[in-house]
Structure formats: structure tokens, C-alpha cells
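Have a look at the structure below before the remarks.
A note on names: the letters A, B, ... follow the listed sequences, proteins ahead of strands, and every chain is numbered from 1. FYI, side chains are in, hydrogens and waters are out, and symmetry mates aren't considered; it's all heavy atoms of this structure.
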Amino acid sequence: MSSAIPASYSPPITNLPRKPTPNTNVSLLVLCKNLQEAKQIHALMIKSSQISDTYSVSRLAEFYALSDHGSLKYAEKVLNSVEEPYPFIWNAVIRGNLIKQNPLKAILLYDQMLRRSVEPDHFTFTFLLKACTQLPAPATGKQLHSHVVKYGLENDSFIRNKLIHLYAISGSISDARKIFDTSTELDIVTWNSMLEGYADNRDGESLHQLFDRMPSRDLVSWNTMIAFHVQMGEFRQAIEVFRRMQEKGVQPNPVTLVSVLSAVACLGTLAQGRWIHAYIDKHGVELDENLGSSLINMYAKCGCLEGAIQAFQKTSNKSVDTWNAMISGLAANGQSLKALELFSKMESSGIRPNAITFSCVLNSCSHGGLVEYGVDYFRQMSEVYGIEPVIAHYGCMVDLFCRAGLFNRIEETIRTMPMKPDAVMWKALLGACRIHRNLEMGEQAGLKLIELAPDDHASYVLLSNIYAMADKWDKVHEVRKMMWKRGIMKPPGSSSIELDGVVYEFVVGDTAHSRKKEIYKMLGEMGERLKNAGYEPDAKQCLLDIDEEEVKQTSLGHHSEKLAIAFGFINTRPGTTIRVVKNLRVCGDCHSAIKLLSKIYNREIIVRDSNRFHYFKNGSCSCMDYW
DNA sequence: GTAGGGTTAG
């Protein structure tokens, strides 16, 4: 044949075709530090025809789809350039879309895949089901389930567990359970998926039953239980489970400790929080940014700012959440200006504030009575940072104006904002009406609030307080009757104090305590000294706080925070700071009394109520009587 | 030559 190369021919050395061994270029992909380099390798692969090798092209598509330096656009180009794409490439591109938070696209790719007659495999379905969980798209999930059956993959454990997870979180817990019950082999992830399903459905009974039946439990099982209790507001149980977990010798990880710290923060039990912090240090648990934020939050919510600041400084990789936790911590503890200062530092450090940051910042302005600052930050938020205010931000603004008693600006805000006011907003307004004695607007806001939040006891109490203030006693009774009829119960006020790591809890009019004699003797003394200092009880503010029976038996002197403070006085050395955590808001009468007590007994008293901190010192409070 | 379940922040 004429085209045959003569035997004598030897090509010039420079023109030697540099035929790479099949995987040379592919193995270079891992070294790529940017898209440009990957494209060069891509070009080399085309030149050398290596692109038609299934393995090589798959790896290239995988790089484009999954690497930080990749590009989904190029991944898709590769996908479309291959005649008969192997499912691997489709899987990679689908997975890439999941990573980039685009689950919808992932599902659309599956559709294309079927149109091009590419048969999905077990990997494909795990990714797709994850996409359905992310969206969430339970109906699509159900369809996929039937495809899984069609392809005979229903016994794949990964797919089965994903299906359980998807059904459980999308309200079809019985479908999830059906798969669980009909599985021939249950692995730990199956158990955990089902466990999480019950946790998600707030079904504590089934959750505990399943947990008790588990043949073995791993870290995730324990974390699920702890998180469940935190979610349900059962903070002591959360810590109890944590204790049991340690007894069983299971080592906690950052996820565990984030949950536990959150529970401690809600309880306000500083000694416990310090113990967890020491545990983290001692066991060398990695202080990732989440755990850092949780520590800051815990210290801040326990009223220990120094601790929060130290944790903040120690968190090396500060995320936007880290800054948010510190800013809100400063604000809650009455350090509004410092919070705003920190916000400036955050801006100059190059971290971009998010919507939560602005809630924290506006909240700082509100707590500090810094009206004009607040107005300016609100403007900056959309103008400088392009963050559109949501209802929560408008809520902050209303709160800001409320505290300052600027009723026309409140009205203007509510009138001009692009959404309807929510219960939180009416509540803030109602609170302001009480403090500024604006009875007319207060009544209006109260009725709106009850309309929007008919199950919230606070709605009724606040409205009743307004009526009581106006001496409209028939209306007070009306509200009370309405509450009774609807079966709304007000949880009893309770306060706790932690002494030497032990938490003592008191409820209003508590007489069950083993040291009640001593406590009531102390209360008596406190009452005497308050009276001598010119204090007069004001019963109007909390008529609905306690039952009528109790009104007769006990006086305001027996509110839980006072009981806790009395107990603190007895059991600590003079001059020691008293820290009390209350489940509801401090009533106005107690607030005045505690101010005086701080002076009479020369003690710093820190009370955390359901909204903020009150630092009572020398006769005044850090909240400047706005709360 | 690819996969699974868990957390927080006003």
C-alpha cells in the first residue's frame, strides 16, 4: 500500500508524537489550582484523542463538576460531548449541582439522562434522593422510589436509608417506618435515619422507644437525641442524655457540644458551661467556627461577657456567625455601643454582614435607645449591602421607636412597610404602650396580638395589664375569662440560681423548698428594708401573673426572682454577684425592687429574663428601665 | 472510579 511508511523512514526527533500513557493527563488534574490549568489539560486530552477514553473523560468531567477550581458549565459541556455517556459522568454532574446548592438542576439532569437512554445506577439514586431532601420535593422522591423498584435497587442500603430520611422529614413518617420494618438488614444509619425522622416529627415517645431498641448506638444516635431535647426546649434532659452518653464511653464531637452548649445557654447555667469549655480544652476537641460561636453564645447568655470575649478572640476562623454571636451578646448584656464598635471592626475585617447581623445591630440600637443610629443602619443595610429588610428588621425598627416612645414613627413604619405587622411587632408595641402609658394604642395592639397569637398567654397578660393600668377592671375580667375559656395557661414564673454548680429553681410563691423557713425569713427582712427605703409595691402590673387565690395568699414579695435572690443572699458571701435566670419577663414591680435591693445590700445582681439582661447595681439597672 | 445519618446563631 502506498501509504505504508517506508521501513527506512525515521521521523525527526522533534516531531516524535508524544503519546502519553493513558492516565498521564488525568493524574495531573489533582494538581490544578485553577480552571485555566484544567482547561489546558482538557486541550491536551483532545489533541491526544485521550478524550475518547471513557475513564479519562470521566475523570475530567468529575474534576470540572466537583473540584473547587472546577466549573459546572464545563462539566456539562463534557457531558454533552460524549456520545454514550457512562452513568459515572452523569453522577458527577448531578453531584456537582448538589454541592453548589442546586438540587433542582440535579433532578432536571436525571430527566435528560433518561431521555438519552442512560440507565441510572445505585449512585445516581442516592444523589437524586439527596436532592429531593434538600429541596424538599417529596412527590419527586416518591416517583424516584418507584424507579428504584423498577431498576431493582430497593435493597441497596444507601438508597433505602435516603428514602427513609426523605419520607421522615417530609411528613410521611409511616412510609418511612414501612421501609424500616420491611428491611432485611438494618444498619446503624437505617436506625439513625428513622430516629431522626421521629425527632423531626417531634414524636418523643416513638423516638425513645426506637432508641431503647437499638442494638448499638453511635455518636450520631446520641447527637440526634440531644438535639431533639434542645429543639423541644427540654434543656435539662439534653444535658442528662449528654451525661449518659459519656457514661457509655462515647466521645462527643463538635456537633454534640454545639447542642449541649445551646442547652446550657438557654438554662443560663454558667458553671456547667465553663465545665463544657474545660472539657473542650482538655480533650482537644477541635474548636471549629460553629463551636466557637456556640461558646460565645453560651457565655453571653450566661451573662459572662469576659468569657464571651475570650472565646471570640480565641476563635481563629471567624465566620459571619462568630461575629453575629458576639455582637448580639454585647447587645443583650447592655453594651450597645461596644456592639456597634464591633460591627465596624467586622466591616473592616472584610467579613460581609448578613441579614442576621443587621438584626443584631438594630437590636443593639434598640436596647441602647440609639434611635438615629438605628435609622442609619437600617438605611445602610439595603443601600450599602443590598440586603432587603424582612419583617424581623422592621420589627427591630418598631421596637427601637417603641422604647423611645416615638409613636408617630412607629405608625409610619408599620404603615409604609411592604408586609403586614406580625405578632412580634404588636407585642413590642404593646410593651411600649405599657411603659409610656399609651392606653388607646395599647388596647388596639393588644386586640391585634390576640387575633394573631391566640395561643400565646403573653398576649392576654399584656392586654390585661393595659386595662388594669386604665382601671378598666371589667375589661381585665373579660380578658381573663377569654383566656380561661380558650384554655390558655400561663406558665408559672420560675427563676433559677446556680451555686457551686448546683441549680436551684424557684417558682412563684414557692413553699416546697427544704430551706423555706430561712428563705422566707430573708424575704421578710428584704421587705422591711425595702419599705424603709421608701419602696411601695405596685400590684397593677402583674395581676394576671398569678391565680386569684395566690393573690390573696402571697404578695408581690414572693415572685420567683425575689425568692432566688433571697436564696442567693443567704448562701453567698457579702459582695458576691448574684446571677438569676427567669423564664418570663421581669415584672415592673420586681424591677423597681431589685434596683433598690442592689443598693441596700451592696450587691451586683444580674437577672436574665426572657428578653435581655438586667445588671442591677447601686440602685439602677443597665436597661435604663426600657425592657 | 463516585454514596448514607447529626448542630448553632436575634
Exercise for the section: Output every pair passing salt bridge (Lys or Arg N to Asp or Glu O under 4.0 Å) with a member in residues 57-66 of chain A, not counting sequence neighbours, ordered by first then second residue. Expected result: A/Arg59-A/Glu62
Practice task
Report yes if at least one side-chain N or O of A/Arg160 is closer than 4.0 Å to OP1 or OP2 of B/dG4; otherwise report no.
Solution key: no
Exercise for the section: Could you please spell out the steps behind the salt bridge (Lys or Arg N to Asp or Glu O under 4.0 Å) verdict for A/Glu341 and A/Lys338? Expected result: CA-CA 5 Å; A/Glu341 232 170 73; A/Lys338 288 218 171 105; over 6 Å; no
Practice task
Look at all strands and tell whether A/Asp121 reaches a base, only sugar-phosphate, or nothing, counting heavy atoms closer than 4.0 Å.
Solution key: base
Exercise for the section: Could you tell me whether A/Glu185 and A/Arg160 make a salt bridge, using a distance below 4.0 angstrom between a side-chain N and a carboxylate O? Expected result: no
Practice task
For A/Ala325, answer base if it contacts any base atom (sugar-phosphate contacts may also be present), sugar-phosphate if it contacts only those atoms, and nothing otherwise; contact means non-hydrogen atoms under 4.0 Å.
Solution key: nothing
Exercise for the section: Name the closest nucleotide to the A/Phe127 side chain, picking from B/dT7, B/dG6, B/dT2. Expected result: B/dT2
Practice task
Look at the side chain of A/Ser359 against the base of B/dG10 and say whether a donor-acceptor pair falls under 3.5 Å; ignore hydrogens and angles.
Solution key: yes
Exercise for the section: Could you check whether A/Tyr86 gets within reach of a base, just the sugar-phosphate, or nothing at all, counting any heavy atom under 4.0 Å? Expected result: base
Practice task
Please state whether the phosphate of B/dG4, meaning OP1 or OP2, lies under 4.0 angstrom from any side-chain nitrogen or oxygen of A/His122.
Solution key: no
Handout entry: Distance below 4.0 Å between A/Asn297 side-chain N/O and B/dG10 OP1 or OP2
Key = yes
Practice task
Identify whether any heavy atom of A/Asp321 sits under 4.0 Å from a base atom; if not, whether one sits that close to sugar-phosphate; answer base, sugar-phosphate or nothing.
Solution key: base
Handout entry: Residues A/Lys178, A/Asp175: salt bridge by 4.0 Å N-O rule
Key = yes
Handout entry: Donor-acceptor under 3.5 Å (A/Arg352 side chain, A/Tyr385 main chain)
Key = yes
Practice task
Kindly state which residues belonging to residues 256-264 of chain A come within less than 4.0 angstrom of DNA chain B, counting heavy atoms of the residue only, listed by number.
Solution key: A/Val258, A/Ser259
Exercise for the section: Record whether the side chain of A/Asp187 comes under 3.5 Å of the base of B/dG4 through a donor-acceptor pair of N or O atoms. Expected result: yes
Exercise for the section: Check whether any side-chain N or O of A/Lys130 sits under 4.0 Å from OP1 or OP2 of B/dG4, and answer yes or no. Expected result: yes
Practice task
Ignoring backbone atoms, test whether A/Lys301 places a side-chain nitrogen or oxygen under 4.0 Å from the OP1 or OP2 oxygen of B/dA9.
Solution key: no
Practice task
Determine yes or no for a side-chain-to-main-chain donor-acceptor pair under 3.5 angstrom, with A/Ser67 supplying the side chain and A/Tyr64 the backbone.
Solution key: no
Practice task
Fit a plane to each ring of A/His283 and A/Tyr279, take the angle between them on a 0 to 90° scale, and name the class: parallel (under 30°), tilted (30 to 60°) or perpendicular (over 60°).
Solution key: parallel
Practice task
Could you please name the option among B/dG4, B/dG6, B/dT8 that lies closest to any side-chain atom of A/Asn161?
Solution key: B/dG4
Exercise for the section: Would you mind classifying the nucleic acid contact of A/Ser328 as base, sugar-phosphate or nothing, using non-hydrogen atoms under 4.0 angstrom? Expected result: sugar-phosphate
Exercise for the section: Using a 4.0 Å heavy-atom cut-off across all strands, classify A/Ala392 as base, sugar-phosphate, or nothing. Expected result: base
